[in-house]
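Below is one structure; the comments refer to it alone.
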Amino acid sequence: MVKVTLKDGIYWVGVVDWNLRDFHDYVTRRGSSYNAYLIQDEKTALVDTVKAAFCNELVNHVSELTSFEKIDYVIVNHVEMDHSSSLPIIAKLAKNAKIYATARGKEELIKHYGKEFERIEPVKSGDKISLGKKTLTFLEAPMLHWPDSMFTYVIEDKVLMPNDAFGQHLASSGRFDDEVDPEILMEEAITYYSNILTPFAPLIVKKIQEVVAMNIPIEMIAPSHGIIWRKDPMKIVNAYMDWSTGKSVKNEVVIVFDTMWDSTNKMARAIGDGIASQGIEVKLFKLRATESADIVTEITNSKIVLVGSPTLNNGMFPPVSKFLTYITGLKPKSKQWGFFGSFGWGGGAVRSMIKIAKEAGFDVMEPTIELKWVPTEEELKKCFDYGVQIVQKLKT
Ligand code: FEO
């Protein structure tokens, strides 16, 4: 492997997963990477491991820099298996190493990999480990992305290793932000944020504020997925603040729908025309034609989301039901939600969608619009007018 140096004595030893296309149902069309870092000083530390299928590659990368017997510390920033499932093998190879994780991390590692991990030493925010000239310190970051998560910071080099936070599912031969297309990088960063971290937006804001208050200089952010931010690390921090606080939300409308015999599609298009007639940007996504991960990403920066479904067996059309399960779990903030649909017999889809949205605490707009069988020209005009009416909500 070509040696990838972050700073003198700090090396990337991770792996690139070019073929990853699914990360717990989030379609990752550009693959990903599992980043691990080796820090060499008088003592040597390995920060994180990789997905078990790639363990051999990690072992080779580390072995090019040191022998496993010389590793003094293994730091587990996060237990999710994309980062820890090589740990049982690495712990055997690095037989002289102490292993550190948060107290929750220790609990989870024992449950994942067995009692051997009772030897883990728990660390908490502010604890320090000296490697010689370099010092590691830790910052607990629960729910970014699991209860066990923590950040590792190399004090003297000003390098933050925040594991999942600030990552992207992006496989690339370049390892740094100045080595990849900046537009693709930010596109994958917001997709990753939208599909993984949206539910934790308030915690992200708090954590960033906490780091700012600590006044620690950050010259590099080295996450556990995708590229390392060295050219402009604050770019991703500021983007996270904007996405998490809703500052990036624009006066845009997203229409998400599916259709059986084209009636809901006709409604969606007429509503979209009404919105566009007022000079407002609107984007339409048919669920079975678009990946949910991409729709969720569009929703992050949109103010209004309209969801349309035909009625099937007195309820929602299944693709819509699946989407609502996903989006109500992610709970994006600062949105208004509207619902529409078509039916043949007694209806039910709109009622079901509203029930789920209200139970999730979504801000549901009234009135809704629901039409029987195939919409007439007159009814499509009503849909158009509904779109015009929706635009007024953007002004309130
Ligand atoms: Fe990349 Fe929460 O794992």
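Just so you know, ligand 1 is whichever comes first in the structure, and atom 1 is the first atom listed for that ligand.
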Answer yes if Phe257 and Val254 sit in the same cluster of Ile, Leu, Val, Met, Phe, Trp and Tyr residues linked by side chain heavy atoms under 4.5 Å apart, and no otherwise. no
Name, closest N/O/S atom of Glu80 to atom 2 (Fe) of ligand 1: OE1
Just checking: His83, one of its N/O/S atoms, less than 2.8 Å away from atom 2 (Fe) of ligand 1, yes or no? no
Please name the atom of Asp82, restricted to N, O or S, that is closest to atom 1 (Fe) of ligand 1. OD2
The N/O/S atom of His225 lying closest to atom 1 (Fe) of ligand 1 is NE2
Closest approach to atom 1 (Fe) of ligand 1 by Asp164, given as the N, O or S atom name: OD1
Close aromatic pair by centroid cut-off 6.0 Å: Tyr386 and Phe340: no
What are the two closest non-hydrogen atoms of Ile218 and Pro233, and how far apart are they? O-CG, 3.9 Å
In terms of relative ring orientation, are His145 and His78 parallel, tilted or perpendicular, with 30° and 60° separating the classes? perpendicular
Checking distances from atom 2 (Fe) of ligand 1, one finds that the N, O or S atom of His145 closest to it is ND1
Among Asp82, Asp17, Thr28, find the residue that satisfies the side chain to side chain donor-acceptor pair (under 3.5 Å) test when tested with His225. Asp82
